[in-house]
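Accompanying notes for the structure given below.
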Amino acid sequence: MNTESILKKAKEIIHGEGSRDEKLQSVCELLDREVELFDWTGFYLSDPNEERMLELGPFVGEATDHTRIPYGIGICGQAAETHETFVVQDVSKADNYLACSVDVKSEIVVPIMKNGEFLGELDIDSNTKNAISPELTRLCEEICEELAHIF
Ligand code: SME
């Protein structure tokens, strides 16, 4: 599937039947299945019970120790704080990084924003360096823009 078809399918999932978490899980499965370079795909959501804390939501891939991440810590925490997309093409060169698996080489984190409020983020790891192309970045950002509708 090309990125255009993946986006179309993601929109169908987002605006289809099911709970928010079921849709987030289906989006993870779609990206994991359709993008060869993606090896761990998941969501971290802003914890409603603790300020400036992320909690792990639906994901596809190996279990991670990082189920709760404070804002500012790691790539995920930095995206939560800055509300900006983070693309790291070589994680060995990132100084504020939390290793999920020794196999991971590159990562993208895209915030989900609604009316200026940070709600959560899409986090994707690749076991390949330089895996995050501008096209894949745009795909992830468009999916997150669409996901804001179901938060
Ligand atoms: N690498 C992330 C932590 C999350 S795991 O990759 C699933 C980070 O630096 O925030």
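We count ligands from 1, going down the list as the structure has it; atoms in each ligand are counted the same way. Positions are given from 1 along the sequence. Predicted model, so just to flag it, every value in this text is computed and none were measured.
Some N or O of E107 is nearer than 3.5 Å to an N or O of ligand 1, by distance alone. Between L98 and ligand 1, at least one N/O pair is under 3.5 Å apart. At least one N or O atom of D125 sits closer than 3.5 Å to an N or O atom of ligand 1. The distance criterion of under 3.5 Å between nitrogen or oxygen atoms is not met by I69 with respect to ligand 1. Residue I75 has at least one nitrogen or oxygen atom sitting less than 3.5 Å from a nitrogen or oxygen atom of ligand 1, judged on distance alone.
Salt bridge status for R52 with E81: present, with a side-chain N to carboxylate O gap under 4.0 Å. Using a 4.0 Å cut-off between charged nitrogen and carboxylate oxygen, R68 and E50 count as a salt-bridge pair.
Looking at K23, its side chain does come within 3.5 Å of a backbone N or O of G16 through a donor-acceptor pair.
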Q. Going through the distances and angles, do D125 and C100 end up as a side chain to side chain contact (heavy atoms under 4.5 Å, CB included)?
A. CA-CA 9 Å; D125 289 338; C100 183; 3.9 Å; yes
Q: Determine, stepwise, if the pair Y97 / C76 fulfils side chain to side chain contact (heavy atoms under 4.5 Å, CB included).
A: CA-CA 8 Å; Y97 169 70; C76 291; over 6 Å; no
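Taking every non-hydrogen atom of C100 and a distance limit under 4.0 Å, the qualifying atoms of ligand 1 come out as 5 (S), 6 (O), 7 (C). Near C76, the atoms of ligand 1 lying under 4.0 angstrom from a non-hydrogen atom of the residue are 2 (C), 4 (C), 8 (C), 10 (O). Atoms of ligand 1 lying under 4.0 Å from at least one heavy atom of Y97, given by number and element, are 1 (N), 9 (O).
Tracing side-chain contacts under 4.5 Å through hydrophobic residues (I, L, V, M, F, W, Y), one reaches L119 starting from I143; they form part of the same cluster.
Between F59 and Y44, a ring centre-to-centre spacing not shorter than 6.0 Å is recorded.
Proximity of F59 to ligand 1 is not established, as no heavy-atom distance is less than 4.0 Å.
Taking the six-membered ring for Trp and thresholds of 30 and 60 degrees, H149 and H15 have ring planes inclined between 30 and 60 degrees apart.
Under 4.0 angstrom from ligand 1, there are no non-hydrogen atoms of Q78. At a heavy-atom cutoff of 4.0 Å, ligand 1 is contacted by no atom of V104, backbone or side chain.
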